[in-house]
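Following: one structure in structure tokens, then a few remarks.
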Amino acid sequence: MSLPAGVLRGGLLPEPLIFERSTPGRTGADCDPHEVGGPAPDAVLPAALRRDDGLVGLPEVSELDVVRHFTRLSQWNLSAATTLYPLGSCTMKYNPLVNEALVRAPGFADLHPLLPDAWAQGTLELMDRLADFLRTVSGLPAISLQPAAGAHGELTGMKMVRAYHEDRGDPRNRVLIPASAHGTNPASAALCGYTVTELPANQAGILEVATVREHLGPDVAAMMVTNPNTIGLFERDIQAIAEAVHAAGALLYCDGANMNALLGVAKPGDMGADVLQFNLHKTFSTPHGGGGPGAGPVAVSARLEPYLPTPRLVRDADGLRWSEDFPKSIGRVRSFHGNVGILVRAYCYLRALGGDGLVDVTAMAVLNANYVRARLADVLPLAFPTPSLHECVFSDRELEATGVRTLDLAKRLLDYGFFAPTIYFPLVVPGAIMIEPTETESKQTLDEFIAAVRAIVAEADTAPELVKEAPHSTFIGRLDETRAARRPILRWQPAAAK
Amino acid sequence: MSLPAGVLRGGLLPEPLIFERSTPGRTGADCDPHEVGGPAPDAVLPAALRRDDGLVGLPEVSELDVVRHFTRLSQWNLSAATTLYPLGSCTMKYNPLVNEALVRAPGFADLHPLLPDAWAQGTLELMDRLADFLRTVSGLPAISLQPAAGAHGELTGMKMVRAYHEDRGDPRNRVLIPASAHGTNPASAALCGYTVTELPANQAGILEVATVREHLGPDVAAMMVTNPNTIGLFERDIQAIAEAVHAAGALLYCDGANMNALLGVAKPGDMGADVLQFNLHKTFSTPHGGGGPGAGPVAVSARLEPYLPTPRLVRDADGLRWSEDFPKSIGRVRSFHGNVGILVRAYCYLRALGGDGLVDVTAMAVLNANYVRARLADVLPLAFPTPSLHECVFSDRELEATGVRTLDLAKRLLDYGFFAPTIYFPLVVPGAIMIEPTETESKQTLDEFIAAVRAIVAEADTAPELVKEAPHSTFIGRLDETRAARRPILRWQPAAAK
Amino acid sequence: MRYTPHTAAEIDVMLRAVGAASVDALLAHVPEGLRQRASLASLPRGIDERALRTELASLAARNRTEALTFLGAGAYPHFIPAAVEQLAGRAEFATAYTPYQPEVSQGTLQATFEFQSAVAALTGMEVANAGMYDGATAAAEAVLMTQRLRPNRPLVLLARALHPHYREVIATYLTGIADIESVEVPYGADGRTVLPAAELLRRASCLVLGYPNVFGVVEDLTRAAAAAHAEDCLLVSATGEALALAALRTPGAAGVDIAIAEGQSLGLPLAYGGPGLGLFASRERFVRSLPGRLVGETVDARGERGYVLTLATREQHIRRERATSNICTNQGLCAVQVVVYLSLLGRRGLANVAERNLRGAHALAERLRGIGTLRFSGPYFNEFVLSIDGARRRWQRALAAGVVAGLPLGDWYPELEDALLLCATELHDAAAMERLAAALANDLPPAASRTEGHS
Amino acid sequence: MRYTPHTAAEIDVMLRAVGAASVDALLAHVPEGLRQRASLASLPRGIDERALRTELASLAARNRTEALTFLGAGAYPHFIPAAVEQLAGRAEFATAYTPYQPEVSQGTLQATFEFQSAVAALTGMEVANAGMYDGATAAAEAVLMTQRLRPNRPLVLLARALHPHYREVIATYLTGIADIESVEVPYGADGRTVLPAAELLRRASCLVLGYPNVFGVVEDLTRAAAAAHAEDCLLVSATGEALALAALRTPGAAGVDIAIAEGQSLGLPLAYGGPGLGLFASRERFVRSLPGRLVGETVDARGERGYVLTLATREQHIRRERATSNICTNQGLCAVQVVVYLSLLGRRGLANVAERNLRGAHALAERLRGIGTLRFSGPYFNEFVLSIDGARRRWQRALAAGVVAGLPLGDWYPELEDALLLCATELHDAAAMERLAAALANDLPPAASRTEGHS
Ligand SMILES: Cc1ncc(COP(=O)(O)O)c(C=O)c1O
Ligand SMILES: Cc1ncc(COP(=O)(O)O)c(C=O)c1O
């Protein structure tokens, strides 16, 4: 007998949309509009400017409704706080709970961004120290904390590249990007008006300096490299590449999303980078929030320093203050000073670990990735046999005979209680399975994960349908993405409006 | 094909015991023992007094292990924050989140209980105001906030009863308690050295004054009444009972666990109560914590006032202070001043609602219970047809033919995503099903619950096995309680020790 | 080590499995020259949680958040019920990432779908995306979107009364994108933007107006939409104070094409300006030109309703350099927090908070009558410009008394040197307004004001 | 209304279903006389969340938690990692109740089982219950349990060096229970309890010793157990500072029959003395005499391991007046919080915190040498008694300098009028110790000390 709808599913509670919980006239939190007197809205706003629909389409629910609704919803997520989340390139490490408590202190949370600088010295000091940390880690002399995420940092960096060349009267229009690059790299370059040339890697997955030289020319403004690249491989020719790029009058952009592999190992500044964005939410452990907020500070070499976004933090006798006095600056890339709440968390993380702790982070991240690699390489083909650092990429080519694809393997992993690796990225690896365990995972957890992958590979032979129809044990079954895109339903609508 | 162990169950993650996650040498949080110097333990503690087992049997896990472990475990609970928890007599109302935030303020949380009174005036003021609220609500002139829970309040109250009689040179030894009383009533009376006489109610579920008179005598120290009683019925003879009890030289103890039904409706002091314990975790919405902490303040009439526990809060020119200067006091019932963290939450609740809000609480609690009662009375027999207040009690006698019992119905309700009502209590109702929705539940939720109960009653006819084998949709199936009691396993043990 | 769990014994076992002699050996392929210079020994050593708490507490104490401020200007102090952060902050929301695997991410997905729905309702528009970095970048993305929709128009028209941060960010985003010129549109005596001539509108992909604008003044979007649409120019409204949308005619009803807003007012703390949240709403017919993520409804294999990321072919991970935006990580958790806030207040609560703001700001303006004068005659919501002689001097003196008397507008608008931009929200009670009035009325030298005890 | 969700329309529909004309009609059976006097109109009206926050903040500000204190004496300041409260505070733990339905309460049940296991390990005992109200009530329950186990013994022996709160609570619990007399056992020059004569032990159901005792001194439980057991008397150890158990020989190893402790030190804030947590551990053979709840392991219908409340026939809801205790609601969430703390620190962390406490207290004693003298020669953990002339006067002066120099013991022990009970934990660094030393060394009148600036 099938159970009526609305029933517990394996211990989890179902829940409709918040709008479907509404009752006309109900409210969860309210406010007395008359507290301080003042005129009624219709006395001061002409009817044509007044809202008159009673905010139709917003929910009408009680505080308890809201609490239950979002508590239930939250439980439907797997998350780094509940399981291994080996999403390659995303560095889903443990997010220390203490940082969440610290950032909520009223001294940080209630600070208005336009307060006089003298009244915000605590946060300014923290930002300055964070900038120092990041300068040391990157080996680059100047930094802006303004960008809101990695891609925003890329955009900021590439705007500086453009400003630099234009300033020299040599506005170039092409950017070289390896084919394995993250999609944000070409998209950011394009947003700065550049055309993109894709460069292939060699058989070992490495970009050769010869390839770079081949494509360099006087129209090339910059080369964007990710190092280690998105296959987890260190670009060994990086110094030679930098020289070639510089010799051609171009600049070297380093995508710093993979800095988790480099702490204490190599500094982008030493590699010849002119500009590098950090992904604080990756390397420095701020929670990913289901897709942000992150922070993407951008560090630059001396030659790009004049172009950093304003305002910039400067120190004078009275302490730290914001200055706009940088005539060559590209200007603002967002309002105010950055995702400061994320900067506070990243500072806490850096301060807690210190130099020795950061070195250990990379060492253990590399060990974990190599352990997974070693323990799986006999059942899944590596994309490249080249030594790798903090992540490892496999392909699904040996599963082909079974009909099981990377997507199926990923879905089946959910049944085993793990989030899936990044899949089908980088694009250069067919059926890519990109695993980044991070340094915070224990050997036990890795062993459980390895066992699960091996079991699934075995299942692909013995019970391919089991894998192809996965997931079976999740709160909801495999979702029809095609249907969603064909006839998009992007919002709930009041019944009358439908 | 059955999935390997350790796999997601309907979206929830399994998890072993924390001890089973241990690895020798691992730790989650540490401390440098040498920070301030000082001698090594073996320099100051003789070997015979020193611990030498390296704390065997405690976990050895990382911070991330701990976070995942307890986050996973938490999700296995249904709770008032996730669903209706209609546990009769327990008043599982919404626990406002703001109160949780307020009580954690360092000004409250970090206060040492032996600080000079002048340094704790904030908390003392709060306690004094809370005491005022409770005096008004109970109609009784004096109060102690010291008891830690309802049963502890009962114990405190009955110790005062004993002190009162002994003080008058008339140590009595018997206490009258209705058969429907909560088990803590007889247990508390027994702990004070009293023998208990159980009194039956009449056909309508009401205690008659005649019954009380019949059992009163010079050996009776007190009568303990719950009003409304545990069937949710108001004891209409309460004033006559009080008179009879007092005329016999005995005292009237009121169990205040059901005060949620009386706010603005009737005051125990007006009923003739000499002593009443509050269950703040019930009536005043402090979270139940999976079984506490609660708080059980005890309010008394003028004649019992001298016997209140010490220390007591008194106000003089310098403000509030603790005084032990009450020679007739029964003394302490616990260390320090009570479950102050719970008192803070209850104060917040009372303050937020105010007098008008409290009246509304009871009105809506009574409406909700009567609504459930009215909508279910045709499918489940009421224990008594008498008008009821904040909860309603059904029996399973009409299900008998189907073989489905109260326990089965309760288990099946879990499948429908609700916690179960209180069952088999009060003992006087065969197969009792005791439902207390509380005032914070919406009509929708009640309708869903009503529909579920009705569906189960129908299932009892059409598919009794479905009900008898319930739950089917929970994280774990019906548990074998007999086995647990027969060969009790009460702790994890290191493998070697087993 | 903090947060890295392995014991020495485990490292040994793992190295054996890897076939490496040491962890260092795993790094051996990194050029020696780089490795030698990579030391982090110059950084301070790590500290434990106790020391970290102490340090952060002392930093927080150096921020003067206890002061009385009347600052708005793009970031608005509002009351946030405790439930908002406690719910949005639940670990399962906070520590997940972009919901690439929808079957185990329905919490984030459904909440984001609800967010999109709530933003559409709030703005009166048909579709909303899952959020952008902030209001200013959302405005820039909107301008770029109008360029995709009206590709052959060389102009974008930006109101001078649009928040300068927004104008600056749009300018930054536009540099390097060939041949687009931005034209500043002046404001009039009422503080509203003077609608540009048809000739300009005809060559522009968009006109961008603040709503309310940076002076707190409510633009007439309906008129602007009519004028713009007559020339096939798109109208973009940019709202810094999203709460205003609960009191004002919606951009949707006014005929706007793209409505963006800064969502910080809706349940996010000031946090020194970030993280905030860019709201981005538009018309159904433009949906394939939208930047940013979108969550859509679908069904699972058993026919159960569920949610997925959708229309991803607009995005960088599929379209790379031809994507509608480069955005990847957005402000997901802020979107969840905003929808929790909007749910908690709901229709009535939000309307009442908005009304409370409007009444309060007007009560404040009334209280300040005589001390200064309203600079602009246009209608306003919770923020207005006060003309007052010696604005900067008085502002400085108020500061010494612990009162931040809004923003001296001269910093942003030289023509408004003697003006203060003042904001009052539901956090400002009558006593606060009195303190401000007293502080502004005071035209004595700062030292004197301090002893007069306004603080 | 706050927290009550119904709209007027819903109330109407519900009343119709109930068949009542009004909500008031539902209350009509309550005697009119009572109802008329039940008004709560004298109470203040409710306030909103914003006003509540303001009020509570101003109350909290009147507590001087910023002061430097060396108070222990039954409540101990320790560092609590942020994860502890965040995890134990999760709504699913906090808002559930006693796990009467184990199938949907496995979170609470497994955590409680882990708590019982951890307490057994910490105390070295065989079984532990799910927790009692606090250390003092746990001690009282232990004494009552020894009376159940040794029913014909008219005495209970309580060390004078047992915390006075514990002695008082035991006394309260014993009143009315016929013919049990409690006898106070004195302490010696080393601060340890002088073991009672065999003649007394023979007539007693138990001997109760503090471990460490109220002076911080470590009793020799092994010797006490031997003496007590020789006369078939049970030994109860009562630990106020549970952290000491990580450094001291366990009660289990020493041969104790019932080990109780106050668990506050293990992850619970001071909270002005509550909620704390009574730990209660004993021997397997006594399990059916234990008070309080017990969680046991079992299996479900499919054979999966799970946990349930067990051996409930000891409890009041089944056995009523014959129950082993009247306890019902206990301190469940505190038990979860303690097991989170113990898990986070684990074997090494806990041993190190304990060692840090021991070293710190001894360093402090060393620092105070010359200013005062150690009153007792017995070994101690993180608390000791300092003899110092003019103890109360100096204590008062220190107070004026913002330092609470422990507890003047004269309040509790008239014979110790010139003694202070001082405690140092991992929260007291060298600078704090210096401040205490300076404050205590100061024997000038209070006014002077204030200007000397020790604060
Ligand atoms: C290699 C790489 N570069 C850039 C980015 C973009 O960073 P963000 O998502 O923070 O914008 C990512 C993250 O997804 C990445 O993995
Ligand atoms: C009627 C009644 N009396 C007394 C009690 C005991 O209260 P507590 O559990 O707080 O000790 C309860 C609660 O279970 C109860 O329902």
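For clarity, every value in this text was computed on a predicted model and none was experimentally measured.
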Tell me, for [X] versus chain C, whether the close heavy atoms (under 4.5 Å) come from the side chain, the backbone, both or neither.
X        : answer
A:Ala163 : neither
A:Ala485 : both
A:His182 : both
A:Glu439 : both
A:Tyr85  : side chain
A:Met92  : side chain
A:Glu441 : backbone
A:Leu115 : both

Are A:Arg478 and A:Glu469 side-chain neighbours, meaning at least one heavy-atom pair lies under 4.5 Å?
-> no
Pairs of heavy atoms under 4.5 Å with chain A: top-ranked of [options]:
options                               : result
C:Gly296, C:Ala271, C:Pro379          : C:Ala271
C:Asp300, C:Thr112, C:Val23           : C:Asp300
C:Ala60, C:Pro275, C:Ala136           : C:Pro275
C:Leu342, C:Val127, C:Leu27, C:Asp220 : C:Leu27

>> So that I know where these two stand, are C:His317 and A:Phe425 an aromatic pair - ring centroids less than 6.0 Å apart?
In response: no
Looking only at A:Ile18, A:Asp110, A:Asn95, A:Thr474, most heavy-atom pairs under 4.5 Å shared with chain C are made by A:Ile18
### Query
Is C:Arg302 salt-bridged to C:Glu304, going by a charged N under 4.0 Å from an acidic O?
no
Q.
What I want to find out is whether A:Glu60 reaches C:Arg348 closely enough, with some N-O distance under 4.0 Å, to be called a salt bridge.
A. no
Stacked cation flag C:Arg90 on A:Phe70, 6.0 angstrom / 45 deg
no
Partner of A:Cys348 under side chain to side chain contact (heavy atoms under 4.5 Å, CB included), picked from A:Leu102, A:Leu353, A:Val98, is A:Leu102
